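The structure presented is a predicted model; accordingly, all values stated were derived computationally and were not measured. Atom set for the values below is all heavy atoms of this structure, side chains included, hydrogens, waters and symmetry mates excluded.
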Amino acid sequence: MIHILVVDDHPAVREGTKAILEAEPSVQVECLNPPYTVEEMKNFNFAPFDVILMDLNLGEINGMELSSTILSLHPTSKVILYTGYDVEDYFEEALQLGILGAVSKTESKEKLLDYIRHAINGEIVIPFQYFKCLLNERKSNPIEAEGYDQVFNEREKAILHEVEKGLTNQEIADHLHLSKRSIEYSLTSIFTKLDVSSRTEAVLIAKAKGIIE
């Protein structure tokens with residue numbers, strides 16, 4: 001029997017996911033309804049679950065931060081981001097935190113179960129386009145080889161637009177419904193790709209290269 005925990009603040013998503021997954025006889029699903037504070041979540045016992053499907057945007061709590069907290073307390077937990085956003089935008093940060101990737105809420109039951117089984121085995125299922133980006137980054141000059149437009153994902157471009165407005169990391173996080181830590185990770189990646197050391201430089205070069213208008 002596979003025991004799955006679904007953490008999502010939308011009742012329809014929780015119950016829909018539970019119904020879809022439990023159509024499989026070997027699957028049992030429990031749902032957790034935020035909001036809770038991170039401190040309250042520390043008292044929850046995640047150990048019985050083989051996999052945790054974690055929504056990215058939980059209102060007061062960011063799913064990425066909550067996943068990081070869970071993994072710090074229960075390092076053997078298997079967490080998958082379960083989101084309606086473009087999952088490829090979150091793979092790099094998710095993997096850095098120990099999350100076993102991200103899966104879209106629009107995936108079929110078969111694909112979702114396949115992903116869950118891989119996660120239980122400690123395996124990561126990587127979308128083909130994201131894998132291509134990984135290969136490109138191994139080249140000596142990925143930006144020149146692939147072009148700026150292919151190297152920067154949509155989230156990074158959105159962050160650059162917000163940086164151009166002079167917003168702080170926290171303000172950008174609030175606007176894009178992400179954690180402050182997510183913005184910091186993304187800015188580090190942006191600086192590395194552009195070979196710059198400041199927000200001003202990043203915006204100037206991004207505009208000069210046509211990454212943002």
Side-chain angles (χ1 to χ4, degrees), residues 37-38 54-72 75 79-106 124-213:
T37 65
V38 172
M54 178 70 67
D55 187 20
L56 187 64
N57 188 0
L58 298 170
E60 294 294 323
I61 305 176
N62 178 276
M64 202 82 78
E65 289 183 348
L66 182 55
S67 298
S68 180
T69 300
I70 293 170
L71 290 168
S72 67
V79 182
I80 302 171
L81 290 183
Y82 187 50
T83 176
Y85 297 100
D86 186 350
V87 296
E88 292 178 15
D89 286 351
Y90 300 91
F91 256 87
E92 183 176 349
E93 183 184 349
L95 298 181
Q96 288 176 347
L97 293 175
I99 300 169
L100 295 175
V103 62
S104 172
K105 292 179 180 179
T106 62
I124 300 169
V125 179
I126 299 179
F128 178 66
Q129 288 302 320
Y130 179 76
F131 183 65
K132 282 179 65 178
C133 287
L134 288 180
L135 293 178
N136 289 336
E137 287 178 5
R138 292 177 63 90
K139 297 178 181 179
S140 59
N141 196 338
I143 291 180
E144 291 299 325
E146 293 298 319
Y148 280 96
D149 196 51
Q150 294 184 38
V151 171
F152 288 85
N153 61 45
E154 292 305 313
R155 182 170 66 162
E156 289 170 335
K157 293 175 186 177
I159 289 172
L160 280 167
H161 277 294
E162 300 300 311
V163 169
E164 185 183 12
K165 298 174 186 176
L167 301 183
T168 65
N169 287 356
Q170 187 59 62
E171 289 171 332
I172 296 172
D174 293 340
H175 280 204
L176 300 182
H177 305 293
L178 297 168
S179 69
K180 183 180 177 181
R181 184 177 299 175
S182 298
I183 302 303
E184 291 168 350
Y185 279 132
S186 293
L187 282 172
T188 299
S189 176
I190 290 168
F191 285 7
T192 299
K193 290 175 181 179
L194 291 174
D195 191 23
V196 299
S197 57
S198 73
R199 295 157 67 97
T200 301
E201 284 182 291
V203 170
L204 289 174
I205 292 180
K207 291 178 73 70
K209 297 295 184 181
I211 300 166
I212 58 174
E213 296 180 356

State the [atom1]-[atom2] distance between [X] and [Y], to the nearest 0.5 angstrom.
X: D195; Y: I205; atom1: CG; atom2: CD1; value: 7.5 Å
X: K157; Y: I212; atom1: NZ; atom2: CD1; value: 10.5 Å
X: E184; Y: S189; atom1: CD; atom2: OG; value: 14.0 Å
X: I183; Y: E162; atom1: CD1; atom2: CD; value: 8.5 Å
X: M64; Y: R181; atom1: CE; atom2: CZ; value: 10.5 Å
X: H175; Y: I159; atom1: NE2; atom2: CD1; value: 13.0 Å

Taking the side chain as C-beta and beyond, is there a heavy-atom pair between [X] and [Y] under 4.5 Å?
X: E156; Y: I211; result: no
X: Y185; Y: L97; result: yes
X: V163; Y: L187; result: yes
X: I80; Y: M54; result: no
X: L194; Y: K209; result: no

Original post:
Among side-chain atoms of S179 and S182, is any donor-acceptor pair under 3.5 angstrom?
Top reply: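 Checked: S179/S182 side chains pair up, N/O donor to acceptor below 3.5 Å.
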* Modelled atom types, side-chain donor and acceptor of N169 and R199, under 3.5 Å ->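 Their side chains do contain a donor-acceptor pair, which is all the 3.5 Å distance test asks for.
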Going by side chain to side chain contact (heavy atoms under 4.5 Å, CB included), name the residues that satisfy it together with [X], two or more places apart in sequence or in a different chain.
X: L100; value: K78, A119, I124
X: A158; value: L176
X: L71; value: S77, V79, I99
X: S198; value: T200, E201

Identify, with sequence neighbours excluded, every residue that meets side-chain hydrogen bond (donor to acceptor under 3.5 Å, both in side chains) alongside S67.
->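 So S67 forms no side-chain hydrogen bond (donor to acceptor under 3.5 Å, both in side chains) with any residue.
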*Tell me, with the steps shown, if Y82 and D55 meet side chain to side chain contact (heavy atoms under 4.5 Å, CB included).*
CA-CA 5 Å; Y82 187 50; D55 187 20; 5.6 Å; no
request  = Name all residues meeting the salt bridge (charged side-chain N to carboxylate O under 4.0 Å, His left out) criterion together with K180; count only those two or more places apart in sequence or in a different chain, and write none if there are none.
outcome  =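 None.
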Q.
What verdict does the salt bridge (Lys or Arg N to Asp or Glu O under 4.0 Å) test give for E171 and K165, after you've listed the backbone C-alpha separation in whole Å, the side-chain angles of each residue and the deciding distance to 0.1 Å?
A. CA-CA 11 Å; E171 289 171 332; K165 298 174 186 176; over 6 Å; no
Practice problem: Test Q170 against every option in T168, L167, I172 by the side chain to side chain contact (heavy atoms under 4.5 Å, CB included) rule and name the one that passes. | Solution: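 Testing each of T168, L167, I172 against Q170, the sole residue satisfying side chain to side chain contact (heavy atoms under 4.5 Å, CB included) is T168.
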